[in-house]
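To keep things clear, I will list the structure first and then write my remarks on it.
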Amino acid sequence: EDKVVQSPLSLVVHEGDTVTLNCSYEVANFRSLLWYKQEKKAPTFLFMLTSSGIEKKSGRLSSILDKKELSSILNITATQTGDSAIYLCAVNTGTASKLTFGTGTRLQVTL
Amino acid sequence: SAVISQKPSRDICQRGTSLTIQCQVDSQVTMMFWYRQQPGQSLTLIATANQGSEATYESGFVIDKFPISRPNLTFSTLTVSNMSPEDSSIYLCSVVLPPSSGGRGETQYFGPGTRLLVL
């Protein structure tokens with residue numbers, strides 16, 4: 001059975017801190033790994049990673065995939081209160097584009 | 001980029017009743033999915049909505065409980081039938097957008113979700 005695990009489950013940091021969120025996976029067939037941010041109901045897309053070692057970057061957020069270690073990290077630098085959300089990692093296993101989601105990391109950024 | 005909408009945004013229902021949730025995309029899409037997110041949990045795929053044919057359900061989900069329609073390439077409905085309090089969840093549709101609508105590969109983009117509370 002495909003499995004995606006995220007850590008930590010929750011995290012509280014002060015504004016300005018840098019955080020690293022982890023995602024590891026065990027899947028039969030890997031096609032890509034995606035990161036989403038969920039603030040209320042709808043997850044919004046952040047990154048899609050397919051190749052090891054190539055960093056994707058968008059503003060203060062960046063992510064990288066390590067296919068040897070079957071994992072990915074999401075970094076957020078200079079955190080702001082608006083970064084408070086649940087961050088979801090999902091793996092596309094290539095079977096009709098289905099996604100298997102991790103448990104999510106709940107990030108709270110305080111003043 | 002494409003706009004994905006869902007109706008209703010939220011609802012409170014009595015046990016034993018049914019609710020139909022609509023998902024509308026403003027461009028034609030091939031792949032459309034329905035997910036459930038129970039309180040405090042991550043997203044679980046219910047089914048893939050196939051245009052012109054029966055939906056493909058994941059293990060643990062059945063058509064009698066979650067009938068799905070997909071009459072065309074821009075619209076789908078999910079019905080939650082004979083509801084119980086355990087059905088209280090956020091229900092989300094997602095689509096794979098074509099590049100012409102801002103899609104990137106097989107990335108799924110989500111609708112705004114429907115928050116359902118069953119009493």
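Chain identifiers are assigned alphabetically (A, B, ...) following the order of the sequence lines, protein sequences preceding nucleic acid strands; residue numbering begins at 1 within each chain.
Of the listed residues B:S9, B:G111, B:S94, the one with more heavy-atom pairs under 4.5 angstrom with chain A than any other is B:S9. Across A:A90, A:G102, A:G104, the residue that shares the most heavy-atom pairs under 4.5 angstrom with chain B is A:G102.
Considering all non-hydrogen atoms of both residues, B:A49 and B:S76 come closest at CB-OG, 3.7 Å. Across A:L74 and A:S63, no two heavy atoms sit closer than the pair CD1-CB, 4.1 Å.
Atom CD of B:E54 is surrounded by 12 or fewer heavy atoms from other residues, nucleotides or ligands within 6.0 Å. No more than 12 heavy-atom neighbours from other residues, nucleotides or ligands sit within 6.0 angstrom of NZ on A:K3.
Neither the backbone nor the side chain of A:Q6 comes within contact range of chain B; no heavy atoms are under 4.5 Å apart. Residue contact with chain A, scored on non-hydrogen atoms closer than 4.5 Å, involves the backbone and the side chain of B:L43 alike. In this structure, chain B has a heavy atom under 4.5 Å from the backbone of A:T103, while its side chain stays farther away. Neither the backbone nor the side chain of B:T44 has a heavy atom closer than 4.5 Å to any heavy atom of chain A. Proximity to chain B is limited to the side chain of A:L88, based on heavy atoms less than 4.5 angstrom apart.
With values rounded to the nearest 0.5 angstrom, A:K41 atom NZ is found 6.0 Å from B:R10 atom CZ. Distance CG/B:D64 to OG1/B:T79: 12.0 Å, rounded to 0.5 Å. Residue B:C93 holds its SG atom at 11.0 Å from CD1 of B:I46, rounded to the nearest 0.5 Å.
For A:S71 and A:N22, the side-chain atoms include no donor-acceptor pair closer than 3.5 Å. A:S32 and A:T50 form no side-chain donor-acceptor contact under 3.5 Å, judged by distance and modelled atom types alone. Looking only at atom types and distance, the side chain of A:N75 has a donor-acceptor partner in the side chain of A:T20 under 3.5 Å away.
In this structure, A:Y25 has its ring center under 6.0 Å from that of A:F30.
Residue-level contacts of residues 98-107 of chain B with chain A, in order of numbering, are B:R104, B:E106, B:T107; threshold 4.5 Å between heavy atoms. Among the residues in residues 21-40 of chain B, those with a non-hydrogen atom closer than 4.5 angstrom to a non-hydrogen atom of chain A are B:M31, B:F33, B:Y35, B:Q37.
Using modelled atom types, one side-chain atom of A:D66 and one backbone atom of A:E69 make a donor-acceptor pair closer than 3.5 Å.
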